[in-house]
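Every number for a ligand or one of its atoms is a count from 1 in the order of the listing. No experiment lies behind these values; they were computed from the predicted model shown.
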Amino acid sequence: MAAGAENRETTKEALISLVVPVYNEQEVLAAFFARIEPVVAEIIATTDRVARAEVVFVDDGSTDRTAETILAHRSSVLDLKLVKLSRNFRKDNALAAGLMHAGGDAVIPMDVDLQDPPEVIGQMVSAWLDGAKVVNAKRASRVRDSFLKRTSSRMFYKIINRLSEYPIEPDVGDFRLFDRQVVEILNDMPERVRFMKGMFAWVGFAPVTIEYDRDERAEGESKWTYWKLWNFALDGITGSTTLPIRAWTYFGFCVAVLAVVSAVFLILRTLIFGIDVPGYASLMVITLFLGACNLIALGM
Ligand code: UDP
Ligand code: MG
């Protein structure tokens, strides 16, 4: 065991995987390669463990020449893999597919548009070489995001962290580093709706956090619309907490209590003042009570 651990530290054979979902990104690919290759070459040259690096591109149903551009690229530093999805599955699913195809000892999901600065990868890798299992890259500020995006994201983190049992760190996107061990756990998770931020938070492991300034998108434009973001946020909330379901049980209990109270009231009123509309009291009580039972059962 001790010999194995020693071996791990001294032999130069580690593989780093970058997992990059791409959706109609033909314009930005050249800039991506130009920035990433020197960074990776430097990591390989200066660390005594990292020997190779691969990029796992996941083509999330692009309709432009994204896949052809990737296949045409020749790199002396990077091994390139391309996973092609049959249609647009949205970024989180593309990322999940990429993690399943990444063979690295350390795996780094990142965006292709250079908003996740490749230079931060060097710091992530050295934190990993120092023993970190998870390294998070956190945006130092969001001044480059629009006011609407900033406020909506702040609200999203507030709500989800109020509801969810495991906190999701604000302003940490998908730009992170995971040790192989963590990637295996993520890949084994059976979730069908793969809200990655929630899954990353769920696996635990005390993360090391590195702060960085998020750049503007290098080329092309954002693939997110507010409608997509809204649905993404809903997936996140329903995927991380059962509160929206339990809420119906609580609501059902409240209605049941109300039903009992009004039953008592209606019965007393009928006894004291007599019947004004025949059947009203009994119908009302039964309707309310059964409605409440339904809601409680629905919640369960
Ligand atoms: N992306 C994807 N599928 C989508 C939308 C986006 O794979 O349906 C990729 C996109 O190509 C990019 C990353 O996810 O590499 C981040 O997308 P974008 O820059 O548009 O998001 P933003 O930075 O505006 O949040
Ligand atoms: Mg972007």
Side-chain angles (χ1 to χ4, degrees), residues 17-36 55-71 73 78 80-102 107-121 136-157 168 170-176 193-200 212-236:
S17 299
L18 306 176
V19 174
V20 187
V22 282
Y23 178 48
N24 291 343
E25 299 282 11
Q26 60 183 13
E27 298 95 358
V28 84
L29 281 163
F32 175 77
F33 284 121
R35 274 274 289 285
I36 205 84
V55 180
V56 181
F57 285 105
V58 184
D59 181 2
D60 188 13
S62 298
T63 49
D64 66 356
R65 298 188 49 81
T66 296
E68 289 85 340
T69 316
I70 292 168
L71 291 173
H73 185 79
L78 299 167
L80 301 183
K81 280 188 192 167
L82 175 63
V83 178
K84 237 172 144 322
L85 303 187
S86 56
R87 62 169 171 86
N88 181 253
F89 281 90
R90 292 199 293 154
K91 185 189 169 187
D92 272 46
N93 295 312
L95 194 55
L99 289 179
M100 288 173 188
H101 285 86
V107 178
I108 303 171
M110 68 185 294
D111 291 354
V112 75
D113 59 2
L114 297 171
Q115 287 198 287
D116 302 333
E119 293 70 24
V120 178
I121 295 173
N136 287 348
K138 187 181 168 89
R139 304 172 194 191
S141 85
R142 300 190 66 127
V143 283
R144 284 196 180 81
D145 284 341
S146 71
F147 175 76
L148 185 57
K149 200 157 182 179
R150 256 190 334 232
T151 9
S152 54
S153 111
R154 197 170 331 123
M155 266 171 51
F156 169 72
Y157 285 117
I168 295 180
D171 298 335
V172 177
D174 296 325
F175 189 30
R176 303 164 190 238
V193 176
R194 296 184 90 81
F195 175 66
M196 291 315 250
K197 275 199 235 290
M199 291 169 62
F200 294 163
Y212 74 103
D213 277 317
R214 193 162 175 84
D215 293 330
E216 304 268 11
R217 177 178 253 281
E219 298 284 340
E221 50 200 45
S222 174
K223 305 297 180 282
W224 287 98
T225 57
Y226 278 104
W227 177 244
K228 267 191 173 183
L229 277 174
W230 166 252
N231 283 311
F232 178 62
L234 286 186
D235 277 355

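- Nearest to atom 24 (O) of ligand 1 among the protein's heavy atoms is Ser222 OG, 2.5 Å.
- Looking at every heavy atom in both residues, His101 comes nearest to Lys81 through O-NZ, 2.9 Å.
- Distance check, rounded to the nearest 0.5 Å: CG of Asp174 to CG of Asn136 gives 10.5 Å.
- Near Lys149, with a cut-off below 4.0 Å to any heavy atom, the atoms of ligand 1 are 24 (O), 25 (O).
- Atom 23 (O) of ligand 1 has its closest protein heavy atom at Gln115 OE1, 2.6 Å.
- When all heavy atoms of Val19 and Gly98 are compared, the pair lying nearest together is CG1-CA, 3.6 Å.
- The shortest contact between atom 21 (O) of ligand 1 and any protein heavy atom is with Trp224 CD1, 2.8 Å.
- More than 12 heavy atoms of other residues, nucleotides or ligands sit less than 6.0 Å from atom NE2 of His73.
- By the criterion of a heavy-atom distance under 4.0 Å, the side chain of Asn88, and not its backbone, is placed next to ligand 1.
- Taking every heavy atom of Val22 and a limit of under 4.0 angstrom, the matching atoms of ligand 1 come to 7 (O), 11 (O).
- In terms of protein heavy-atom proximity, atom 14 (O) of ligand 1 is nearest to Lys91 CD, 3.3 Å.
- We find the CZ-CG distance between Arg90 and Leu95 to be 13.0 Å, quoted to the nearest 0.5 Å.
- Ligand 1 has no nitrogen or oxygen under 3.5 angstrom from a nitrogen or oxygen of Arg90.
- Taking all atoms of both residues into account, the shortest heavy-atom contact from Ala94 to Leu85 is CA-CD1, 3.9 Å.
- Contacts between Arg214 and ligand 1 below 4.0 angstrom, taking non-hydrogen atoms only, involve the side chain exclusively.
- When all heavy atoms are compared, the tightest approach of Ser62 to Asn24 is OG-N, 2.8 Å.
- Environment of CE in Met100: crowded, with over 12 heavy atoms of neighbouring residues, nucleotides or ligands closer than 6.0 Å.
- With ligand atoms numbered from 1 in the order given, ligand 1 contributes 15 (O) to contacts under 4.0 Å with heavy atoms of Val112.
- In this structure, the side chain of Asp111 does not engage the main chain of Asp116 through any donor-acceptor pair within 3.5 Å.
- Scanning the protein for heavy atoms near atom 1 (N) of ligand 1, the closest one is Tyr23 CB, 3.9 Å.
- In this structure, the separation between NZ on Lys149 and CG on Leu229 is 5.5 Å, given to the nearest 0.5 Å.
- Nearest protein neighbour of atom 6 (C) of ligand 1, counting heavy atoms only, is Lys223 CB, 3.6 Å.
- More than 12 heavy atoms of other residues, nucleotides or ligands lie within 6.0 Å of NZ in Lys228, so this atom counts as buried by the packing criterion.
- In Glu25, the part holding a heavy atom less than 4.0 Å from any atom of ligand 1 is the side chain.
- Atom 19 (O) of ligand 1 has its closest protein heavy atom at Asp113 OD2, 2.6 Å.
- Pro21 CB, 3.3 Å is the protein heavy atom nearest to atom 7 (O) of ligand 1.
- At least one N/O-N/O distance between Asp60 and ligand 1 falls below 3.5 Å.
- Of all protein N/O/S atoms, those lying under 2.8 Å from the Mg ion (ligand 2) come to 2.
- Closest heavy-atom contact between Met110 and Phe32: CE-CE1, 4.2 Å.
- Shown here are the side-chain contact (heavy atoms from CB on, under 4.5 Å) partners of Gln26, two or more places apart in sequence or in another chain: Asp64, Arg65, Thr66, Thr69.
- Within the 4.0 Å heavy-atom cutoff, Met110 does not count among the residues contacting ligand 1.
- Those atoms of ligand 1 with a heavy atom of Lys228 less than 4.0 angstrom away are 8 (O).
- The two residues Val172 and Tyr157 have their closest heavy-atom pair at O-OH, 3.9 Å.
- Within the 3.5 Å criterion, the main-chain N or O of Gly61 finds no donor-acceptor partner in the side chain of Asn88.
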